[in-house]
J.: 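First the structure, then my questions, so here it is.
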Amino acid sequence: MRKWTISNLAHVPYYADTVADRGWTTWWRDDGISLANYRAGLEPMLSGKGIPCGYVAHRAELYLGSVLLIENDLESRPKLKPWVAALWVDVPERGQGIASDLMIHARSEAAKFEIANLYLCAVPQISSYYQTRGWRIVETGVDGLDVFEMATV
């Protein structure tokens with residue numbers, strides 16, 4: 001039995017600062033983007049009106065992890081959309097299936113928007129993680145990343 005809840009970020013907006021902190025610290029801190037600008041990018045997700053959107057795994061009020069559905073996560077592949085992005089689970093909570101549940105939830109929500117395929121990019125070192133969860137590599141070495149695809153149905 002799952003020991004956490006997954007909520008749309010629009011329904012739990014008090015997690016937006018935490019989602020921003022984890023994403024910015026992990027992927028953007030050293031790229032010249034400020035935390036405030038990264039956080040501002042989450043604002044459209046708080047409307048709850050389609051993509052972009054975010055989902056948060058939590059146990060009561062404890063943040064466990066999050067994932068985003070965004071239009072594009074790789075500028076060099078503008079025709080591929082939408083993307084599962086910024087998948088994060090706090091270190092003490094890893095290994096319980098939270099990340100898998102977040103991806104499954106994002107996929108299910110994308111299907112509700114009548115989206116046929118989702119995309120994801122990751123560094124090659126963790127490609128096997130996504131492959132074992134049903135993601136199919138469609139390209140390697142794109143700006144140093146592997147590009148994956150998954151059908152929503």
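Both backbone and side-chain heavy atoms feed into the values below; hydrogens, waters and symmetry mates do not.
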J.: Provide the closest heavy-atom pair for Gln131 versus Phe148 in the form atom of the first, atom of the second, distance.
T.: CG-CE2, 3.9 Å

J.: Cation over ring, Arg39 on Trp28, under 6.0 Å and within 45°?
T.: no

J.: Compare every heavy atom of Ala106 with every heavy atom of Leu69, then report the nearest pair and how far apart it is.
T.: CD1-O, 3.6 Å

J.: Say whether Ser127 and Asp146, considering side chains only, have a donor N or O and an acceptor N or O under 3.5 Å apart.
T.: yes

J.: Quick one: does any side-chain atom of Tyr15 pair with a main-chain N or O of Glu61 as donor and acceptor, under 3.5 Å?
T.: yes

J.: Is it the case that the side chain of Trp24 and the backbone of Ile33 share a donor-acceptor pair, with hydrogens and angles ignored and the cut-off at 3.5 Å?
T.: yes

J.: Indicate yes or no for a side-chain donor-acceptor contact from Thr132 to the backbone of Tyr129 under 3.5 Å, with no hydrogens or angles considered.
T.: yes

J.: Checking the side chain of Thr152 only, and the main-chain atoms of Ala110 only, is there a donor and an acceptor separated by less than 3.5 Å?
T.: no

J.: Indicate yes or no for a side-chain donor-acceptor contact from Asn8 to the backbone of Cys53 under 3.5 Å, with no hydrogens or angles considered.
T.: no

J.: Has the side chain of Arg59 got a donor or acceptor atom that lies under 3.5 Å from a matching backbone atom of Thr5?
T.: no

J.: Heavy atoms only: give me the nearest Leu68-Ala86 pair and the separation to one decimal.
T.: CD1-CB, 3.8 Å

J.: Just wondering, do Leu118 and Leu120 contact through their side chains at under 4.5 Å, heavy atoms?
T.: no

